[in-house]
Amino acid sequence: MDNHKTKWSGRFNEPVSELVERYTASVGFDYHLAEYDIQGSLAHARMLAAQHIISQEDFTAIEKGLSQIREEIRNGRFEWSLQLEDVHLNIEKRLTAIVGDAGKRLHTGRSRNDQVATDIRLYLRAAIDEITSLIQSLQKALIDLAENHTETVMPGFTHLQVAQPVSFAHHLMAYFEMLKRDVERMHDCRKRVNQSPLGAAALAGTSYPINREMVAQDLAFDGICENSLDAVSDRDFAIEFCACASLIMTHLSRLSEELILWMSPSVGFITLADRFCTGSSIMPQKKNPDVPELVRGKTGRINGHLVALLTLMKAQPLAYNKDNQEDKEPLFDTVDTLTDTLRIYADMMTGVQVNAEKMQRAALQGFSTATDLADYLVKKGVPFRDAHEIVARSVQYAEQKGCDLADLELNELQQFSEYIDNDIFSVLTLKGSLESRNHLGGTAPQQVRDAIARARNGLSKNP
Ligand code: ARG
């Protein structure tokens, strides 16, 4: 970058110090907005020409200059200057160097305040579209894995204590549902992101006969920000996006926590493909689930960005304040981290190897079918509270004997209730337990197969 110092304008008696220049500049990160900045400028200039605010020749020159600049940026030949503070002034200065006075006319009826708000909205809109499609790829990977495991039994937990048997597919489909809501949230957030601030100018609008609708249409916005002060100052749409991103990361962090746990040799439910793990520099036997651990760790960073933006906004008087320049780094990092995470996750889920036998063995421990025994008694006329107590005593007995409920003899079980009969043994099996939960949302294999079919259908309708 070129660091030559000059005064801001004729109104200033001295240039800023080098430190202040560095402190106030944003070009080091907002150059990421360049494509959107050019897109916005083209729409603005086209409108200025259509409204006869600038001449057609000026527009043609601006268009030519901006496409040249776009090429320079794409090819890495554009020279960014810290002295020119931000992406907007860098591009405008270069435009003027290429096309002369026409370049100086581009900023008519516009301010960097509505310009930057436009750029961020265009950037976020594209990010949301990419994120939505990445979530859907992950959802597809989850369904593909679930499809093979509707009969694979694992212990379902509450308080991380074995509770009731569930299928591995049912467990995976819980995450599918979370991600489905995440997609809905992103779609909803997009509506508020996709509104055009252009025309608000610095804060009060402009005295030129502009056509805001034309610009909005040109840039494929759904509508127009209807108050100029609000248009340039609020970043609630970015905060909302970060909140949605935090929830996605939170869901993935929970799944990561489970993958880590399931991969621990003492649990051993799954293994992850080697390409998602690393070894230890000292313990040769180790295979560490680094990727899920990092997802869990990066969730903290994304939550931090949300809090940063909320704090950035909370005490700002209307309208634009330079504070808002600080919105970009957290926002960019949120988008980059989230897209990387989603991409890596979809790939990681396709490489999950399931150890069905270990899952089954774990489900057999911890009396996971105790509730099934209670339900059996209730169906025979025993009030639920009494059934609960009968089962509690049976469990205590089996525990002392060191076996599962299903391993007890009929006469042993009958000590606790005369209602228990030979048909109890089909109830106490994992398969029987699973199959009995046969209603919408239950873990019965047929229900989970239906849920998977609905999920697939929903995904294909919503590409
Ligand atoms: N770099 C600035 C930002 O990111 C652009 C807007 C500057 N506006 C101003 N009045 N200084 O917010």
Side-chain angles (χ1 to χ4, degrees), residues 1 3 5-12 15-17 19-41 43-44 69 73 78 80-96 104 106-127 193 195-206 225 227-239 241-242 305 308-336:
M1 291 202 191
N3 277 324
K5 275 188 291 174
T6 52
K7 290 187 294 173
W8 174 259
S9 75
R11 189 199 181 295
F12 290 75
V16 295
S17 75
L19 177 59
V20 170
E21 187 172 86
R22 190 156 51 75
Y23 195 75
T24 52
S26 55
V27 65
F29 46 88
D30 67 14
Y31 73 91
H32 284 297
L33 294 174
E35 289 275 342
Y36 305 104
D37 197 66
I38 291 172
Q39 210 182 321
S41 287
H44 177 68
I69 292 172
I73 293 172
F78 190 90
W80 299 102
S81 152
L82 194 74
Q83 189 220 336
L84 291 172
E85 198 175 308
D86 58 23
V87 61
H88 323 293
L89 295 177
N90 268 271
I91 291 178
E92 191 184 324
K93 187 82 175 183
R94 176 79 187 122
L95 180 66
T96 304
K104 294 188 193 161
L106 170 62
H107 214 50
T108 315
R110 186 178 73 166
S111 150
R112 278 187 296 158
N113 297 351
D114 57 345
Q115 187 178 358
V116 72
T118 304
D119 293 5
I120 304 171
R121 283 171 184 269
L122 292 174
Y123 163 83
L124 263 188
R125 181 179 72 188
V193 166
Q195 302 288 324
S196 176
L198 272 179
L203 75 163
T206 173
C225 303
N227 178 290
S228 61
L229 294 163
D230 175 49
V232 292
S233 62
D234 206 351
R235 296 289 182 264
D236 59 352
F237 61 91
I239 297 174
F241 169 82
C242 284
H305 294 331
L309 289 196
L310 282 166
T311 312
L312 178 69
M313 206 70 246
K314 73 176 267 294
Q316 283 193 51
L318 291 181
Y320 176 86
N321 302 282
K322 187 81 164 180
D323 310 38
N324 277 343
Q325 182 163 292
E326 287 289 308
D327 64 357
K328 285 167 206 63
E329 284 163 297
L331 205 53
F332 294 164
D333 188 62
T334 299
V335 170
D336 294 344

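Note that ligands are numbered from 1 as they come in the structure, with each ligand's atoms numbered from 1 the same way. Since the structure is predicted, the reported quantities are computational estimates derived from the model, not experimental observations.
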Name the closest protein heavy atom to atom 11 (N) of ligand 1, giving the residue it belongs to and the distance to 0.1 Å. Arg112 NH2, 3.5 Å
Could you check whether any side-chain heavy atom of Lys328 comes within less than 4.5 Å of a side-chain heavy atom of Val116, counting everything from C-beta outward? yes
Identify, by atom number and element, the atoms of ligand 1 in contact range of Ser26, meaning under 4.0 Å from any of its heavy atoms. 1 (N)
Taking both backbone and side-chain atoms of His88, is any N or O found less than 3.5 Å from an N or O belonging to ligand 1? no
For Phe332, the option from Tyr31, Phe241, Tyr123 that meets ring-ring contact (aromatic ring centres under 6.0 Å, His included): Tyr123
Gln195: side-chain hydrogen bond (donor to acceptor under 3.5 Å, both in side chains) partners, not counting sequence neighbours: none
Which of these, Leu89, Asn113, Leu203, has its nearest heavy atom closest to atom 9 (C) of ligand 1? Asn113
Is Tyr320 close to ligand 1, meaning an N/O of one under 3.5 Å from an N/O of the other? yes
Would you mind listing which atoms of ligand 1 come within a distance below 4.0 Å of any non-hydrogen atom of Asp86? 1 (N), 2 (C), 5 (C)
Is the side chain of Asn227 donor-acceptor paired with the backbone N or O of Cys225 at a distance under 3.5 Å, no angle test? no
N/O to N/O below 3.5 Å, does that happen between Lys328 and ligand 1? yes
Short side-chain to backbone donor-acceptor contact, Asn90 and Ser81, under 3.5 Å: yes
When only distance counts, is Gln325 in polar contact with ligand 1, meaning an N/O pair under 3.5 Å? yes
Looking at residues at least two apart in the chain, or sitting in another chain, which of them share a ring-ring contact (aromatic ring centres under 6.0 Å, His included) with Phe78? Trp80
